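The structure appears below as structure tokens.
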Amino acid sequence: MNKKEGNNKGGSSRPNSSRSNSNKPKPAMQKRAQGPKKVKPAVKAAEEEAAQKLKKQNQAPKRQKAADEIRLNKFISNSGVCSRRDADIYIQSGNVKVNGVPVTEMGYLVKLTDVINFDGAILTPEKKEYILLNKPKNFTTALDEGQEFRNVLELVRGSTTSKIAPIGRMDKNTTGLLLFTNDTDMIRKFTLPSQKSSKIYQVSLDKNLKFEDLEKISKGLVLDGHRVFVEEVSYIDGEAKSEVGLKLRSSNVKVVRAIFEHFDYDVLRIDRVSFAGLTKKNLPRGNWRFLTEQEIINLKNV
């Protein structure tokens, strides 16, 4: 018993002794993989602010917008040469100069007194104008019919100094609503085959329209390889069967004439009584008026 105790006091060389191991240096622990350090909100905000300052330093200085300033693409569009979207393409390609200096910056502001050179031509800004005419007979939208018939522009002369043009075509025998504007986007919109606004025509034929032909027209037909969709066709109440109302989306009067000629009817007169929601109310034949702000908004949204 004592011997064993003596042996214990003499110090044991047991490898598992906690006392002997306590003085040995512990092996270095393997470092765990650490993700990116989280940036404190205050530090992150300061970094973003510095990045914004650097970005602004690298950009062309912008003027504070004044009352007589507009975006460069709008200036170009107002001049009537192209749409805003197309103007952006010209600006980015370096084909636009402001006071002799090329500008490629989107949203660049210009004054109405600035000299804008667009693809080699000097532009003049114009306010968008929208004029509705109730066209009489013997006036045409064509410019190549000689001196026999007068041009419709004579009827709206003096209404504006802007360079306006009619939307769609009308021959000498077609009467009714004709819209003029210098808004190239709107002209393009209403001349596209895919446009969705309705027009209503009153058509006078050389003979009564047969009911079976009326039904065929109501189902639509193919003219020159193109499908023509007719929204509505009907006889005019209280009139002879030769007076027909036609509702469709096309603003091309030639389509109206072709529909009835397809069934061997001669068209004597065509009167457009409605154009994209606009009517002839309080607008006598041969007179014109400016559209209201609400009417302009409606036209842009149809």
Side-chain angles (χ1 to χ4, degrees), residues 80 126-143 145 149-192 195-205 230-240 242-257 259-260 267-302:
E126 290 183 331
K127 178 186 176 184
K128 297 292 178 63
E129 302 282 11
Y130 307 88
I131 298 170
L132 185 66
L133 169 73
N134 188 352
K135 177 190 169 300
K137 288 182 63 175
N138 297 325
F139 286 84
T140 175
T141 56
L143 297 173
E145 293 193 15
F149 302 107
R150 298 159 68 183
N151 190 273
V152 290
L153 288 171
E154 294 181 28
L155 298 169
V156 293
R157 183 174 295 164
S159 60
T160 177
T161 57
S162 300
K163 188 177 180 181
I164 57 176
I167 295 179
R169 295 182 178 181
M170 277 192 175
D171 57 34
K172 65 182 181 65
N173 290 323
T174 303
T175 59
L177 297 178
L178 183 61
L179 185 62
F180 295 80
T181 183
N182 58 347
D183 187 340
T184 54
D185 289 336
M186 185 168 291
I187 293 175
R188 185 180 295 109
K189 172 182 178 179
F190 283 109
T191 52
L192 287 175
Q195 58 91 30
K196 300 179 180 180
S197 64
S198 299
K199 292 87 181 172
I200 301 176
Y201 301 87
Q202 182 172 340
V203 184
S204 299
L205 304 176
V230 176
E231 296 182 49
E232 188 178 346
V233 60
S234 63
Y235 298 115
I236 303 295
D237 292 339
E239 300 285 348
S242 59
E243 297 295 321
V244 183
L246 184 69
K247 182 179 181 181
L248 70 167
R249 294 177 179 176
S250 177
S251 60
N252 189 344
V253 179
K254 288 185 177 180
V255 174
V256 178
R257 189 178 299 278
I259 288 174
F260 294 98
V267 177
L268 304 179
R269 289 179 301 275
I270 300 176
D271 186 33
R272 185 188 283 156
V273 297
S274 176
F275 182 94
L278 301 171
T279 68
K280 297 192 295 181
K281 183 179 180 181
N282 299 325
L283 189 62
R285 188 83 73 201
N287 289 22
W288 58 267
R289 67 172 178 85
F290 289 103
L291 296 190
T292 65
E293 290 296 327
Q294 187 58 53
E295 286 173 332
I296 296 170
I297 293 172
N298 293 343
L299 283 180
K300 290 182 177 181
N301 292 331
V302 293

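All values derive from a computational prediction rather than experimental measurement.
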Apply the test side chain to side chain contact (heavy atoms under 4.5 Å, CB included) to residues V152 and F180: give CA-CA distance (whole Å), side-chain angles for both, the deciding distance (0.1 Å), then the verdict.
CA-CA 10 Å; V152 290; F180 295 80; 3.7 Å; yes
Hey, does I131 have a side-chain heavy atom less than 4.5 Å from the side chain of L179?
no
Please tell me whether Q294 and T292 have a donor and an acceptor in their side chains that are separated by less than 3.5 angstrom.
no
Close side-chain approach of L153 and R157, heavy atoms under 4.5 Å:
no
Closest approach of A276 and S197, non-hydrogen atoms and distance?
CB-CB, 3.7 Å
Shortest non-hydrogen separation from I236 to G245 and the atoms involved
CD1-N, 3.5 Å
Heavy-atom pair with the smallest gap, counting every atom of V255 and S250
CG2-OG, 3.7 Å
At what distance, to the nearest 0.5 angstrom, does CD1 of I270 lie from NZ of K254?
11.5 Å
Please name the pair of heavy atoms, one in T141 and one in N151, separated by the smallest distance, quoted to 0.1 Å.
O-ND2, 3.6 Å
Can Y201 and L248 be said to form a side chain to side chain contact (heavy atoms under 4.5 Å, CB included), step by step?
CA-CA 8 Å; Y201 301 87; L248 70 167; 3.7 Å; yes
Could you walk me through whether M186 and L299 satisfy the side chain to side chain contact (heavy atoms under 4.5 Å, CB included) test, starting with their C-alpha distance in whole Å, then the side-chain angles of each, then the deciding distance to 0.1 Å, before giving a yes or no?
CA-CA 8 Å; M186 185 168 291; L299 283 180; 3.8 Å; yes
Can you tell me if T175 uses its side chain to pair, donor with acceptor, with the backbone of K137 under 3.5 Å?
no
Main-chain N/O of E129 paired to T181 side chain as donor or acceptor, under 3.5 Å
yes
Has K280 got more than 12 heavy atoms of other residues, nucleotides or ligands less than 6.0 Å from its NZ?
yes
With I164 as partner, the option from I187, D183, N182 fulfilling side-chain contact (heavy atoms from CB on, under 4.5 Å) is N182
Keeping K135 on the side-chain end and T174 on the backbone end, is there a donor-acceptor pair under 3.5 Å?
yes
Quick one: CE on M170 to CG on N252, what's the gap to the nearest 0.5 Å?
10.5 Å
To the nearest 0.5 Å, what is the distance between CG on L178 and CZ on F275?
8.0 Å
Presence of salt bridge, D271 and R285, under 4.0 angstrom
yes
Are any side-chain N or O atoms of N138 and backbone N or O atoms of N173, one a donor and one an acceptor, separated by less than 3.5 Å?
no
Drop me the distance from I200's CD1 to E232's CD, to the nearest 0.5 angstrom.
7.5 Å
Heavy-atom count around E293 CD within 6.0 Å, excluding the residue itself: above 12?
no
Quick one, K199 with E231, criterion side chain to side chain contact (heavy atoms under 4.5 Å, CB included). Give me CA distance, side-chain angles, the key distance, then yes/no.
CA-CA 10 Å; K199 292 87 181 172; E231 296 182 49; over 6 Å; no
So, the side chain of R257 versus the backbone of V267: is there a donor-acceptor pair under 3.5 Å, distance only?
yes
Kindly compute the distance separating CG (L205) from CZ (R269), expressed to the nearest 0.5 Å.
10.0 Å
Taking all atoms of both residues into account, what is the closest heavy-atom pair of L278 and L177, and its distance?
O-CD1, 3.2 Å
Using modelled atom types and a 3.5 Å cut-off, is there a donor and acceptor pairing between side-chain atoms of Q195 and backbone atoms of R249?
yes
In terms of heavy-atom contacts, A142 and T140 come closest through N-OG1, 3.1 Å
Counting only N and O atoms by type, is there a donor-acceptor contact under 3.5 Å from the side chain of N287 to the main-chain atoms of L283?
no
Please round to the nearest 0.5 Å and tell me the distance separating atom CG of N301 and atom CD1 of I296.
12.0 Å
D237 atom CG: more than 12 heavy-atom contacts under 6.0 Å
no
